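For reference, the structure discussed in these notes is given below.
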There are 2 protein chains.
Amino acid sequence: MSQTRPHAVESLSKDRLRLWLRLLKVTGHVEGELRRRLRADHATTLPRFDVMAALARHPKGLRMSDLSDFLRVSNGNVTGIVDRLTEEGLALRVAVEGDRRAQLARLTPAGEAVFAELAAAHEAWVNDLLGTLDAPMIEQAFDLLTRIEPRETERP
Amino acid sequence: MSQTRPHAVESLSKDRLRLWLRLLKVTGHVEGELRRRLRADHATTLPRFDVMAALARHPKGLRMSDLSDFLRVSNGNVTGIVDRLTEEGLALRVAVEGDRRAQLARLTPAGEAVFAELAAAHEAWVNDLLGTLDAPMIEQAFDLLTRIEPRETERP
DNA sequence: ACTTAAAACTTTAGGCTTGAAATAAATATC
DNA sequence: GATATTTATTTCAAGCCTAAAGTTTTAAGT
């Protein structure tokens, strides 16, 4: 009931805004640290890592459009990242049987090997950066996040 | 104690990773929506908005380096954004008395007027996007976030 | 005063990002 | 079968972003 009083509503809006700014700051901090370490220790970037992670989950390959859906970035963006991974021998494109428009992006064996290292380092970094959260807090955090964005159909 | 058992530790690490990925997804969703609405409804961008917000808080102006500290982005980045805001008549640079290296970036009156509209819309959007969080949840979220990143000295 | 170092900015090169336009191939409609 | 629409992808223009290098000015050391 108190939430429906004009002043409380206004203050709630401000509090939500403050929370959002704080959320941005914290995720920015963690994300920036991950970017920095990927660059410094492994000479790569977060977008490359994200693409490789998606491809690692799909050993048979992913269509370019599936990849961009999966990562929620634009089509043209994925084209460029896969181009660069391909130049470095970490990914490749293979034709799709029966549809000459489409292509599957895949990791090369070299790409899989590189990703295995990246993934281990990445998990350790995240564990480090979120290290003060214990199991109950993590569960609490999941609950809160679920309220912000309604759960979506996960792509396997 | 159970947290120190090898298996529990490993699982905790995975849970932290899952939480991080979920956090990224949610903040990305909200941030993407804000970007989209800024572009669609106000023909501007989030970085421009962030710079204008910082300048609006400091009516006397901010040095370029203070601005980049404040926003936690690189110097060169701020240069470009302020350039564009200046071209559009929303910001301007003024010389600093006694230090010919430095410049203050400020909003123009037009910039202040535009920002007032943007800020109102922005707060409403955030309130909408985080609308399912009530006051106790917000407090809970703040507590959790404080554990991830130790609070820092806020710049006034 | 002279040299050196530090500070404030800008510029540059390279990569990420988007939305929109362009290409090409598959499918639907007539 | 010819035409139109849809689908998969790439290309393009413009902006964002960083690290590194370059300018100009200030401050420190001698």
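Keep in mind that what you see is a predicted model, and the values were worked out from it rather than measured. Every chain is numbered from 1 and lettered A, B, ... according to where its sequence line falls, protein lines coming before strand lines. What you see below is based on every heavy atom in this structure, not just the backbone, and it leaves out hydrogens, waters and symmetry mates.
- In this structure, A/Arg72 places its CZ atom 16 Å from C1' of C/dT18, rounding to the nearest Å.
- A/Glu31 has its CD atom 14 Å from the C1' atom of D/dT18, to the nearest Å.
- For the pair A/Leu46 CG and D/dT18 C1', the interatomic distance rounds to 14 Å; values are reported in whole Å.
- For A/Arg48 and C/dC16, the shortest distance from a side-chain N or O to OP1 or OP2 is below 4.0 Å.
- A salt bridge is defined here as a Lys NZ or Arg NE, NH1 or NH2 lying under 4.0 Å from an Asp or Glu carboxylate O, and A/Arg84 with A/Glu87 fails to meet this definition.
- Taking atom CG of B/Leu62 as the reference point, atom C1' of C/dA8 lies 14 Å away to the nearest angstrom.
- Of the inter-residue distances, the one linking B/Leu85 atom CG with B/Thr108 atom OG1 reads 9.0 Å to the nearest 0.5 angstrom.
- Taking a cutoff of 4.0 Å between a charged side-chain nitrogen and a carboxylate oxygen, B/Arg16 and A/Asp128 do not qualify as a salt bridge.
- Rounded to an integer number of Å, the gap from CG of A/Leu38 to P of C/dC16 is 12 Å.
- In this structure, CG of B/Leu71 is placed 13 Å from C1' of D/dC17, rounded to the nearest angstrom.
- Heavy-atom minimum distance, A/Pro47 versus A/Arg35: CD-NH1, 3.9 Å.
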Please enumerate all protein N or O atoms sitting under 3.5 Å from an N or O of nucleotides 22-26 of chain C, with distances to 0.1 Å.
| residue | atom | partner | partner atom | Å |
| --- | --- | --- | --- | --- |
| C/dA26 | OP1 | A/Arg100 | N | 2.9 |
| C/dA26 | OP2 | A/Arg100 | NH2 | 3.4 |

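- Aromatic pair B/Phe70/B/His58: ring centres closer than 6.0 Å.
- Residues of residues 85-96 of chain A having a heavy atom closer than 4.0 Å to DNA chain C: none are found.
- At least one side-chain heavy atom of A/Lys14 sits less than 4.5 Å from a side-chain heavy atom of B/Glu123.
- Taking every heavy atom of both residues into account, A/Ser13 and B/Asn127 meet most closely at CA-OD1, 3.5 Å.
- Nearest heavy-atom pair across A/Ala54 and A/Leu62 is O-CD1, 4.0 Å.
- Between A/Arg93 and A/Asp83 there is a salt bridge, since at least one side-chain N of the basic residue sits less than 4.0 Å from a carboxylate O of the acidic one.
- For the contact set between residues 75-83 of chain A and DNA chain D, defined by any heavy atom under 4.0 Å, the members are A/Asn75, A/Gly76, A/Thr79.
- With DNA chain D read from its 5' end, the first of the two nearest nucleotides for A/Ser65 and B/Ser74 is the one closest to A/Ser65.
- Residues B/Thr27 and A/Trp20 approach most closely at O-CH2, 3.6 Å, considering heavy atoms.
- More than 12 heavy-atom neighbours from other residues, nucleotides or ligands sit within 6.0 angstrom of CD on B/Glu88.
- Across the protein-nucleic acid pair, A/Phe49 atom CZ and C/dC16 atom P stand 15 Å apart, rounded to whole Å.
- Looking at heavy-atom distances under 4.0 Å, A/Arg63 makes contact with sugar-phosphate atoms alone, never a base.
- An OP1 or OP2 oxygen of C/dG14 is reached within less than 4.0 angstrom by no side-chain nitrogen or oxygen of A/Arg84.
- Smallest separation of non-hydrogen atoms from B/Met64 and B/Thr79: CE-CA, 3.7 Å.
- Note: CG (B/Asp50) to P (D/dG15) measures 17 Å, nearest angstrom.
- Map A/Arg36 and A/Gln103 each onto its nearest nucleotide of DNA chain D; the residue landing nearer the 5' end is A/Gln103.
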